[in-house]
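See below for the structure under consideration.
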Amino acid sequence: MDEKQQRLNKLNRLVQQGIDPYGHPFPDTESIQHIKADFSEKENVELVHKIGGRVMAFRDHGKSVFLDIVDETGRIQAYIKESTANPDDYHFFKEVVDVGDILGLKGPLFRTKRGEITLEVKEWHFLAKALLPLPEKWHGLKDIEQRYRYRYLDLLVNPTVKENFVKRSKMLEHIRNYLYKNDFLEVETPVLQSLAGGALAKPFITHHEALDMDLYLRIAPELYLKRLVVGSIYKVFEVSKNFRNEGISTIHNPEFTMIEIYWAFQDYRAMMKLTEEIIKYVVKQLLPDGKTVWEGVTIDFLTPFTAMEFRDIFYQKVGTDMEELRDLNQAKRVLKAESISLNRPLTWENIVDKLFKEKVESQLINPTFITGYPVELSPLAKERADNPKYTDRFELFIGGMEIANGFTELNDPFIQRDRFLAQLKNREKGDVEAHQVDEDYLLALEYALPPTGGLGIGMDRLTMVILGLNSIREVILFPHLRPPDKI
RNA sequence: GGGCCGUUAGCUCAGUCGGCAGAGCACUUGCCUUUUAAGCAAGGGGUCGAAGGUUCGAGUCCUUCACGGCUCACCA
């Protein structure tokens, strides 16, 4: 008989005794953490406590049983013995309770010989019967596929997993609090868009039946948020789930979370400052010393972030001034020398982009701002006043990954139209990630977008570097997996 | 999509040269009234990821497929 059948038999015994194995409310329990913290040796041994939780261990010991009960706040030992419980009740308890069951318990506290604060069970209630055994108690659940597919088991038996996801949630809470405190308004903009804009990426396509039209899942909320700035919401942000129809890796999931922030009458420098402040604010609340270990290297978040010009660090790491690569023959020689191949159209910006990613990005471990991106790579960013070939844009790199991206928003509708048209040419050359011409957005610009600083922070990756986790799947509760063969 | 590695009991894992399918935890039964990775004794539990092939004989060798991990490509 397999274990599920054994547990079903126990469930039937409960039902026969008139006990519903599921669904009884059990309100007003005390948190296990507080019970243990408040326990005093002089405590009245008659004082009854009420707890609810999951049975995580069951130690049968002579005519008594020790249990570990776990709730949201901690673990406590419970004890039931034949001589002080009703003997029939004691034996019934032993026969029907399994590891994994969720029980409500009442009874006084005492301390065992070995010093463990323990609740003596005087009254017990079945809240939910577990029909399947939990994974192994001290190796936990290790199989990575099963950890992701059955994340609830991973959370139950691998304590650091739960801690990490709690921290992720706290991070977002702190970021929101920081922005609320500074008068930013949180909004929601469309996930289903008739044109996927605001980033250079391949979208997912879906279909609206009633309208009989294709729609795209958003690759970014950017263009909608800037419409809101036009509409006088001058400090605005959105926590946005974005969808990109691209490869999956340890740093890419098809759906991921970005926090995008727009601040009117500011520029990219203000957004750099904001980025650094937000990250330091979050880190101070999560990491006692402001440091984390990333693949063996210590990252210090609390020292001032370094900043370098794109063109300077490119020259430093690639050994060639990127302007010289505008001669495509020269560019091809450099690619060949580095044995790097390109499967996008061979344009100056694609070559520069590729070389930057290959030679520079992975080396930026400590927080580093890179500023002054080429205009060709930044169709939505404002050109520099003193050199229109470059933009007032920055990206922040930590742990060799792009963590944030921000710029002074391009608010000139004529130049924006030209930029879209240049992207259209790339699209015609076969670049599926080139930005589409968004007439509706251009219309909004014609009503005047104030000078605005914009910023996007990748929440998943920021969580990774702060917690020192090198796979995005460790910070996404249910990362994308193929459907299993059969269940 | 390419390359490499993996898939054996509910979980964690062994399985040598191709020769009876294994251990620990979990489970069942018995003993044990302050244990805590409780202990002691006994027991049950397998479509060896799937399908085909080689062989007297396949968990083991070969082929194909599925799923996963790492990595390359793409991407944030």
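Convention: sequence-line order gives letters A, B, ...; per-chain numbering from 1.
- With P as the reference atom, B:C70 and B:C27 are 33 Å apart, rounded to whole Å.
- Using a cut-off of 4.0 Å between Lys/Arg side-chain N and Asp/Glu carboxylate O, A:Glu116 and A:Arg75 are scored as salt-bridged.
- Phosphate proximity of B:G69 to A:Arg473: present, with a side-chain N or O under 4.0 Å from OP1 or OP2.
- If you check B:A76, B:A73, B:C27 against the side chain of A:Lys354, the one that comes closest is B:A73.
- Residues A:Leu47 and A:Leu109 are not in side-chain contact: their nearest non-hydrogen atoms beyond the backbone lie 4.5 Å or more apart.
- OP1 or OP2 of B:U34 has not a single side-chain nitrogen or oxygen of A:Lys81 nearer than 4.0 Å.
- In this structure B:U7 sits in a base pair with B:A66, meeting the Watson-Crick or G-U test at under 3.5 Å.
- The side chain of A:Gln146 contributes no N or O atom lying less than 4.0 Å from OP1 or OP2 of B:G68.
- When distances run from any side-chain atom of A:Glu358 to the nucleotides B:C74, B:A26, B:G68, the shortest one goes to B:C74.
- For the C1' atom pair drawn from B:G59 and B:G1, the interatomic distance equals 31 Å after rounding to whole Å.
- The side chain of A:His139 lies closest to B:U12, out of B:U12, B:A76, B:A38.
- The side-chain ring of A:Phe66 is not stacked on the base of B:A38, judged by centre separation under 5.5 angstrom and plane angle under 30 degrees.
- With P as the reference atom, B:C48 and B:C20 are 16 Å apart, rounded to whole Å.
- Closest to the side chain of A:Arg461, from the set B:U34, B:A76, B:C74, is B:A76.
- Checked against B:A76, B:U28, B:G69, the side chain of A:Leu481 finds its nearest nucleotide in B:G69.
- Aromatic ring centres of A:Phe356 and A:Phe310: separated by under 6.0 Å.
- By the 6.0 Å and 45° rule, A:Arg393 stacks over the aromatic ring of A:Tyr373.
- The CD1 atom of A:Ile248 sits 16 Å away from the P atom of B:C72 (whole-angstrom rounding).
- Using C1' as the reference atom, B:G24 and B:U71 are 34 Å apart when rounded to the nearest Å.
- Across every strand in view, B:U34 sits unpaired, with no contact that passes the Watson-Crick or G-U test at under 3.5 angstrom.
- OP1 and OP2 of B:C25 both lie 4.0 Å or more from every side-chain N or O belonging to A:Lys137.
- Residue A:Asp143 is classed as a sugar-phosphate contact, given heavy-atom separations below 4.0 Å to backbone atoms only.
- In summary, A:Lys382 and A:Glu409 do not engage in a salt bridge, as defined by a charged side-chain N under 4.0 Å from a carboxylate O.
- In terms of phosphate contacts, A:Arg114 brings a side-chain nitrogen or oxygen within less than 4.0 Å of OP1 or OP2 of B:U36.
- When the C1' atom is used for both B:A9 and B:C62, the distance is 28 Å, rounded to whole Å.
- With a cut-off of 3.5 Å on both pairing distances, the Watson-Crick or G-U wobble partner of B:G19 is B:C56.
- With respect to A:Lys317 and A:Glu358, no salt bridge is recorded, no charged nitrogen being found less than 4.0 Å from a carboxylate O.
- Along RNA chain B, the nucleotide nearest to A:Lys10 and the one nearest to A:Glu402 differ in position, and the one closer to the 5' end is contacted by A:Lys10.
- When distances run from any side-chain atom of A:Pro133 to the nucleotides B:G69, B:U33, B:A26, the shortest one goes to B:A26.
- Not a single donor-acceptor contact under 3.5 angstrom links the side-chain atoms of A:Glu82 to the base of B:U33.
- For A:Arg482, a side-chain nitrogen or oxygen approaches OP1 or OP2 of B:G68 to under 4.0 Å.
- At the heavy-atom level, A:Gln6 lies under 4.0 Å from the strands shown only through sugar-phosphate atoms.
- Under the Watson-Crick and G-U wobble criteria, each requiring two contacts below 3.5 Å, nucleotide B:G44 is left unpaired.
- Taking only side-chain atoms of A:Glu136, from C-beta outward, the nucleotide of B:G10, B:A38, B:C27 with the closest atom is B:G10.
- The gap from the P atom of B:G43 to that of B:U33 amounts to 25 Å, rounded to the nearest Å.
- Residue whose closest nucleotide on RNA chain B sits further toward the 5' end, between A:His480 and A:Phe256: A:His480.
- For A:Glu3, the side-chain atoms get nearest to B:C27 when compared with the rest of B:A76, B:G69, B:C27.
- Applying the Watson-Crick and G-U wobble criteria (two distances, each under 3.5 Å), B:G1 pairs with B:C72.
- Residue contacts shown for A:Gly247 include a base, since a base heavy atom lies under 4.0 Å away.
- By the 4.0 Å N-to-carboxylate-O rule, A:Glu474 lies too far from A:Arg168 to be salt-bridged with it.
- Here, B:G52 and B:U16 have their C1' atoms 28 Å apart, quoted to the whole Å.
- For A:Lys357 and B:A73, the shortest distance from a side-chain N or O to OP1 or OP2 is not below 4.0 Å.
- Ring to ring, A:Phe184 and A:Tyr262 are not that close: their centroids are 6.0 angstrom or more apart.
- An OP1 or OP2 oxygen of B:U36 is reached within less than 4.0 angstrom by no side-chain nitrogen or oxygen of A:Arg59.
- Nucleotides B:G6 and B:G10 have their P atoms positioned 22 Å apart, rounded to a whole Å.
- The side chain of A:Glu145 sits closest to B:G68 out of B:C11, B:U34, B:G68.
- Candidate nucleotides B:C67, B:A76, B:U33 were compared by shortest atom distance to the side chain of A:Lys63, and B:U33 ranks first.
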